[in-house]
Amino acid sequence: MPEATYPPLDVLKPVAEDVWIVDSGPLRILGFPLPVRMTVVRLGDGGLWLHSPTRYDAALHRAIEALGPIRHLVAPNIAHWTFLKDWQSQCPEALTWAAPNLRQRRQVRRSGLRIDRVLGDAAPPEWQADLRQQVVPGGLGFREVAFFHKRSRTLVLTDLVLNLEPAKMPALLRPLLRLAGMTAPEGKPPPYLRLVIKLRRRDAARGAADLVALKPEAVVFAHGLWFAREGTARLRRSLRWLGDFS
């Protein structure tokens, strides 16, 4: 069985100055292993911002806190919240921020997850000096909030790009993943998510065009091989399902 993830797992890996990723997983989604990734940003005030937290690990927690205090836990869309409660219990002073409509999900209400703030189109005062944010909408209550780290020109996405490496996937799944357009080098979200987002195609395309216009140098996302170089060109190709952003 190939290794779907990106070892070493549950450790900080530098992306740019004051930006790190943490690879974890794999998660099992519809029977296949899916690598998952958190992004950590140190803000100008020294506080740490955790985007789409992965599974809690005490050693990882200590390593992050060595960089500064954890002040923000971010659930960037309605799917990426599963591990937040564990981090909340260990970081009681951190604020939890959630994408629009996450609070209304039945599973979230049953879990007892605390949501302190709802993310909007504009970055809040807590990080507006460091991060720009953009909501990309879809149908059925889907919203993904994207973030752009201005100083490093790093774009942080969640599920708008999914770029799985076939060699890391089980052999029987590789043809299906390629057919679904989910594989590197120009991976896209799974077909069901593309359909949901296309329910508001005009608005989603406008949001995607705004992301390309930021001209990111690197693009980080939750699943698969992230774009360490040529971020703008590679992002444009991966978002072609929403339009031509040349």
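The first residue of the sequence shown is numbered 1, and numbering continues consecutively from there. All of these numbers come straight from a predicted model, not from anything done at the bench.
For D10 (side chain) and D57 (main-chain N/O), no donor-acceptor pair under 3.5 Å exists by modelled atom type. In this structure, Y56 contributes its side chain and F83 its backbone to no donor-acceptor pair below 3.5 Å.
Within the structure, side-chain hydrogen bond (donor to acceptor under 3.5 Å, both in side chains) pairs that include any residue of residues 84-94 comprise Q88-T96 (at least two apart or interchain). Here salt bridge (charged side-chain N to carboxylate O under 4.0 Å, His left out) pairs that include residues 175-191, with residues two or more places apart or in two chains, are E186-R237, E186-R240.
Side-chain contact of Q107 with W81: a donor-acceptor pair under 3.5 Å is absent, judged by distance alone. There is a side-chain donor-acceptor pair under 3.5 Å between W97 and H72.
The side-chain heavy atoms of R143 and I78, taken from C-beta on, include no pair separated by under 4.5 Å.
Using bins of under 30°, 30° to 60° and over 60° for the plane-to-plane angle, the ring pair H80/H223 lands in the tilted bin.
With sequence neighbours left out, D121 forms a salt bridge (charged side-chain N to carboxylate O under 4.0 Å, His left out) with no residue at all. Taking the salt bridge (charged side-chain N to carboxylate O under 4.0 Å, His left out) definition, one finds that K13 meets it with D23, sequence neighbours left out. When the salt bridge (charged side-chain N to carboxylate O under 4.0 Å, His left out) test is applied to R42, the partners found at least two apart in sequence or on another chain are D18. The ring-ring contact (aromatic ring centres under 6.0 Å, His included) check on H51 picks up W49, F147, with sequence neighbours excluded.
No more than 12 heavy atoms of other residues, nucleotides or ligands lie within 6.0 Å of CZ in R132, so this atom counts as exposed by the packing criterion.
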